[in-house]
Amino acid sequence: MRRIQRCLAIALFCACPLAPLADDRPLTTIAALDLPSYMGTWYEIARYPNSFQKQCAGFTRADYSLMPDGQVRVINRCRLQSGETEIAIGTARQLGGARSPKFEVSFAPAWISLIPAVWGDYWVIDLDEQHQLVAVSEPRREYLWVLSRTPQVERQAYAALLERLSRKGFDLGKLMVTRQE
């Protein structure tokens with residue numbers, strides 16, 4: 001009897017994962033991106049917590065503009081607990097063709113931009129037809145941002161996006177809603 005109980009306990013323990021399993025499916029992006037229409041201001045609605053934004057108390061936004069060389073100027077802003085605004089200026093370069101939704105972005109000084117480690121993946125993985133709500137991540141799904149053209153998002157549109165992200169293998173429990181004005 002004792003042996004049966006032990007086998008049952010081991011079977012139950014093995015059947016219950018200790019942590020959620022990582023999604024090992026390749027991450028898909030949108031089919032194509034019209035880069036000029038993507039330019040402009042995007043407000044951060046939610047994100048996975050990350051070390052480089054831990055000081056941000058909210059009011060986070062990104063401004064994208066095309067540069068003459070075809071790269072994208074990235075200006076990220078957030079408000080600190082002190083009320084001051086922190087600004088990070090970077091560059092994004094498109095990978096692949098002119099309609100590719102895959103980019104690499106760097107906030108490092110230009111003089112070290114030849115080092116591959118200073119560039120991070122920025123993949124547009126979901127974008128609504130009106131170009132008002134977008135989700136951005138990278139192949140390992142370690143980072144995730146939900147951005148909107150406006151500081152507030154319609155609840156139904158946000159819920160639909162979250163459902164699509166869940167189907168792509170994202171842990172929605174990790175999402176942190178960003179405080180906006």
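Values reported hereafter were calculated over all heavy atoms of this structure, with side chains retained and with hydrogens, waters and symmetry mates removed.
- For the atom pair I89 CD1 and I75 CD1, the distance stands at 5.0 Å (nearest 0.5 Å).
- The closest donor-acceptor contact from the side chain of S113 to the backbone of A110 lies under 3.5 Å.
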Could you walk me through whether F103 and V136 pass the side-chain contact (heavy atoms from CB on, under 4.5 Å) test, one step at a time? CA-CA 10 Å; F103 294 82; V136 176; over 6 Å; no
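- Residues V74 and Y122 form no side-chain contact, since every pair of their non-hydrogen atoms from C-beta on lies 4.5 Å or further apart.
- A donor-acceptor distance shorter than 3.5 angstrom exists from the side chain of R73 to the backbone of G90, with no hydrogens or angles considered.
- Atom CD of Q130 has more than 12 neighbouring heavy atoms from other residues, nucleotides or ligands inside a 6.0 Å radius.
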Kindly determine whether L144 and S137 satisfy side-chain contact (heavy atoms from CB on, under 4.5 Å), including the steps that lead there. CA-CA 5 Å; L144 176 63; S137 187; 4.2 Å; yes
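- To the nearest 0.5 angstrom, I45 atom CD1 is 11.5 Å from L175 atom CG.
- Applying the side-chain contact (heavy atoms from CB on, under 4.5 Å) test to E129 and every residue at least two apart in sequence or in another chain returns nothing.
- To the nearest 0.5 Å, atom CD of residue E142 and atom CG of residue N50 are 11.0 Å apart.
- L147 and F107 end up in the same hydrophobic cluster when Ile, Leu, Val, Met, Phe, Trp and Tyr side chains are linked at under 4.5 Å.
- Although no hydrogens or angles enter the test, the distance criterion places no donor-acceptor pair under 3.5 Å between the side chain of D126 and the main chain of A135.
- In this structure, Y38 and V72 have side chains that are not in contact, with every pair of non-hydrogen atoms separated by 4.5 Å or more.
- The two residues A31 and P101 have their closest heavy-atom pair at O-CD, 4.4 Å.
- Taking the side chain as every heavy atom from C-beta outward, L161 and V153 never approach each other to under 4.5 Å.
- Using a 4.5 Å heavy-atom cutoff, the side chains of S148 and L133 are in contact.
- Interatomic distance, OG1 of T85 versus CZ of R77, reported as 8.5 Å (0.5 Å rounding).
- Judged purely by atom type and a 3.5 angstrom limit, E138 uses its side chain to pair as donor or acceptor with the backbone of Y143.
- Cluster annotation: Y43 and M176 are assigned to distinct hydrophobic clusters (Ile/Leu/Val/Met/Phe/Trp/Tyr, side-chain heavy-atom contacts under 4.5 Å, transitive).
- In this structure, the side chain of T29 does not engage the main chain of W123 through any donor-acceptor pair within 3.5 Å.
- Linking ILVMFWY residues whenever their side-chain heavy atoms come closer than 4.5 Å, directly or via other members, leaves V118 and L95 in distinct clusters.
- Side-chain contact between L33 and R99: absent, with no pair of heavy atoms (C-beta onward) separated by less than 4.5 Å.
- L127 and V124 get closest at one heavy-atom pair: CB-CG1, 4.3 Å.
- When hydrophobic clusters are built by joining Ile, Leu, Val, Met, Phe, Trp and Tyr residues whose side-chain heavy atoms come closer than 4.5 Å, directly or via intermediates, W111 is grouped together with I115.
- Shortest non-hydrogen contact noted between T91 and M67 is CG2-CE, 3.8 Å.
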Evaluate the criterion side-chain hydrogen bond (donor to acceptor under 3.5 Å, both in side chains) for residue pair E154 and Q132; output intermediate values, then yes/no. CA-CA 10 Å; E154 180 184 303; Q132 297 299 303; over 6 Å; no
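- Taking OG of S82 as the reference point, atom CD of Q55 lies at 10.5 Å (rounded to 0.5 Å).
- To the nearest 0.5 Å, atoms CD (E163) and CG (L165) are separated by 9.5 Å.
- Nearest heavy atom pair, residue A98 against residue Q94, reads O-NE2, 3.1 Å.
- A side-chain donor-acceptor contact under 3.5 Å links Y48 to the backbone of D171.
- Judged by distance alone, with hydrogens and angles left aside, the side-chain atoms of K168 form a donor-acceptor pair with the main-chain N or O of T28 at under 3.5 Å.
- Here the side chain of R61 pairs no donor or acceptor atom with the backbone of C78 at under 3.5 angstrom.
- In the hydrophobic clustering of this structure, L80 does not group with I87; members are Ile, Leu, Val, Met, Phe, Trp, Tyr whose side-chain heavy atoms approach within less than 4.5 Å, directly or through other members.
- V146 has its side chain out of reach of R47: every pair of non-hydrogen atoms, C-beta onward, lies at least 4.5 Å apart.
- Without hydrogens or angle criteria, R149 side chain to H131 main chain gives a donor-acceptor distance under 3.5 Å.
- Under the 3.5 Å distance criterion, the side-chain polar atoms of E86 are left unmatched by any main-chain donor or acceptor of R79.
- Of all heavy-atom pairs between P49 and K174, the closest is CD-O, 3.2 Å.
- Inter-residue side-chain proximity for N76 and Q53 is flagged as unmet; no heavy-atom pair is nearer than 4.5 Å.
- In plain terms, the two heavy atoms of L162 and L172 that are nearest each other are O-CD1, 3.4 Å.
- No more than 12 heavy atoms of other residues, nucleotides or ligands sit less than 6.0 Å from atom CZ of R179.
- Using a 30° and 60° split on the angle between ring planes, F52 and W145 fall in the tilted class, from 30° to 60°.
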